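Structure, as structure tokens:
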Amino acid sequence: MNYAIIAAGEGSRLRKEGFKSVKPLVKVCGEYLIERLIRIFKDNKAEQISIIINEESEDLQQFLNSRDFGVKINLIVKSTPSSLHSFWNIIHHSNFEECCLTTVDTIFNENDFKQYISYFQKDKELDALMGITDFIDDEKPLYVQTDNYGKVEAYLDSNDLHLTDKVSAGIYCLRKNALKVVDTTIEKGISRMRNYQRALLENNLNVQSFLFDKVIDIDHVEDISKAEEILKSWHKKENKILALYRQKDFSPNSEDKDTYILNAVVEELRQKGYKTDCINEIDFSKTNNDYSLIISMARGEKNIELLSDLEKRGTKVINTTLSIKNCFREQQTKILQQNNIPIPKTTIVDTDAYDIESFKQFSEGNFWIKRADFQTIEEQDVCRPKSLEQTKKIFLNYKLRGISKAIISEHIEGDIIKFYGIRNTDFFSFSYPTEDKFHNKINLSKNRISFNTQAFIKDVNKAINLLDLDIYGGDAIIDERGNYYIIDINDFPSFSVCREQAAKEIADMVTKYFINK
């Protein structure tokens, strides 16, 4: 990856306020601004860093020429009338077809930046990926309007109509088509970077946004101390963990069990020296969310979206929000069916279009009905109707509760298995429960059916990789011939029969994350 730094400004506001050196040699937390950017770019696999400075910056030129930064520096000494002209000079004195550009005084979160570069490198269809932030600290911010998928729709000099709460962060990843636009904008007499960004949209390029946490530019002396406070807060956040308990509504008859496992994980982490806070998901929106890792049992829709936003900013969430959504029954059923995971014969139907034909493939009283949009909250969310009349009542219940789809699954007689596991470890446990979560008796026979446990574990592993789950549990059934079928897989179960071992494994997973980060 090629990087570029515009360091050609005079820093006139800083000089007026008593700062005697050039802006790139401002120190923040003991590190020069220019030095910090070079280090971060080097950490993100820089092949070359192009830097433009003005002709009067002799101290800066000497500083850059006298040090070995361990990466190729392409130094351009040229006084220019604007930042866009500086960028034009960088392009014409460098040999690259894509780059990441920023000004020298931009302070951003390094973890955010790592995610940003990774995003750009993975999506080769992007012409530009623009850093944005909802932390507004600029005297004349450039507001960025995006659609629901992060595509940039407009740049606004003001936000009088309250169309957006995001502004440009002054960090740009650009490919060949976007770089070509620099020439045409300069030819038109355009000198401001914000108008160049508008030109990208006018040329119908694929311009996406990436949300950063706080981003601040060093324009005034007071900004130095402000930046240091922000950097210190990020440093404190680095190994700070939040344990997010599941709301009672999402733990029918299992609230205490869910609490016990998360408490056990928290205790293991605290013994390892990690600062770990705990909160119920019902209060999650009230927290300041300054955590680098969240161990989440949350299931509420709003909380999942909050967690998703934090993931985009670099917070590690276990399990990921994508995997939680994959566990919603309709999505999970489709994933397992499409990948030939052994599950009972299953169909998905609309609850507002009750059709007797949907049930003809199942014999009467020999199927289960489950809500398709979520996991079980109340007993009717998973039930085995004894008649078609009872089935109609269940569908009516779903419709009245706003549940638009249901899953119909074949009933299979046999042994019911409850299994637990943690991905990428040797930990896997299964048992034969004697009652379900609503205290209905199951596994009444004392004679267990033999089955191929190695093949079963292999299929479970395949399934949880497809769902992208790290911490999981589920149910399966073994029929009288020894065939197994996965009934359901859930994110972060209670691990009732193996809580102590599971807590240690989850804490070890967190430890490995911090070691490898």
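These numbers come from a predicted model, not from an experiment.
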side-chain contact (heavy atoms from CB on, under 4.5 Å) with [X]: which residues, sequence neighbours excluded?
| X | value |
| --- | --- |
| K458 | none |
| K302 | none |
| E311 | S308, V317, T320, T321 |

Which residue pairs pass the ring-ring contact (aromatic ring centres under 6.0 Å, His included) test with at least one member in residues 469-511, sequence neighbours excluded? Y420-F495, F456-Y484
Sequence neighbours left out, what pairs pass ring-ring contact (aromatic ring centres under 6.0 Å, His included) with at least one residue falling in residues 325-347? F328-F374
Are the side chains of [Y] and [X] in contact, using a 4.5 Å heavy-atom criterion?
| X | Y | value |
| --- | --- | --- |
| I487 | I343 | no |
| Y274 | L293 | no |
| I40 | F113 | yes |
| K214 | N109 | no |
| L469 | R423 | no |
| I369 | Y398 | yes |
| I241 | I294 | no |
| Q247 | N280 | yes |

Would you list the atom pairs, donor with acceptor, under 3.5 Å between side chains in residues 427-434 and any protein atom, with sequence neighbours excluded?
none

Closest heavy-atom pair and its distance - [X], [Y]:
| X | Y | result |
| --- | --- | --- |
| L126 | Y119 | CD1-CE2, 3.8 Å |
| E268 | A507 | CB-CB, 3.6 Å |
| I341 | A463 | CD1-N, 4.1 Å |
| C278 | R270 | SG-NH2, 3.9 Å |
| D468 | S323 | O-CB, 3.1 Å |
| T351 | K399 | O-CD, 2.9 Å |

Can you list the residues that meet the salt bridge (charged side-chain N to carboxylate O under 4.0 Å, His left out) rule with K441, with sequence neighbours excluded? E435
Residue list, salt bridge (charged side-chain N to carboxylate O under 4.0 Å, His left out) with R39, at least two apart or on another chain: E31, D43, E110
Could you note down all residue pairs passing salt bridge (Lys or Arg N to Asp or Glu O under 4.0 Å) where residues 482-493 supplies at least one of them, sequence neighbours left out? R246-D491, R299-D491, R329-D488
Neighbour count above 12 (heavy atom, 6.0 Å) for [X] [atom1]:
| X | atom1 | answer |
| --- | --- | --- |
| Q271 | CD | yes |
| Q331 | CD | yes |
| I282 | CD1 | no |
| D147 | CG | yes |
| K272 | NZ | yes |
| K124 | NZ | yes |

Enumerate donor-acceptor pairs with a distance under 3.5 Å from any side-chain N or O in residues 165-173 to protein atoms, sequence neighbours excluded.
| from | atom 1 | to | atom 2 | distance (Å) |
| --- | --- | --- | --- | --- |
| S168 | OG | G170 | N | 3.3 |

Considering only NZ, NE, NH1 and NH2 on the basic side and carboxylate oxygens on the acidic side, decide whether D217 and K226 come within less than 4.0 Å. no
I'd like to know if K286 and D283 make a salt bridge, using a cut-off of under 4.0 Å between side-chain N and carboxylate O. yes
Starting from the C-alpha separation in whole Å, work towards a yes-or-no answer on salt bridge (charged side-chain N to carboxylate O under 4.0 Å, His left out) for K248 and D256. CA-CA 9 Å; K248 182 178 180 180; D256 289 342; over 6 Å; no
Indicate whether any N or O donor in one side chain lies under 3.5 Å from an N or O acceptor in the other, for S251 and D258. yes
For S409 and T346, does a side-chain donor sit closer than 3.5 Å to a side-chain acceptor? yes
Under the side-chain hydrogen bond (donor to acceptor under 3.5 Å, both in side chains) definition, can you give me all pairs with a residue in residues 332-343, not counting sequence neighbours? E330-K334
List in chain and number order the residues that pass ring pair (Phe, Tyr, Trp, His ring centres under 6.0 Å) with F284, two or more places apart in sequence or in another chain; answer none if no residue qualifies. none
Salt bridge (charged side-chain N to carboxylate O under 4.0 Å, His left out) evaluation trace for E305 with K325: CA-CA 10 Å; E305 293 310 313; K325 292 176 182 178; 3.2 Å; yes
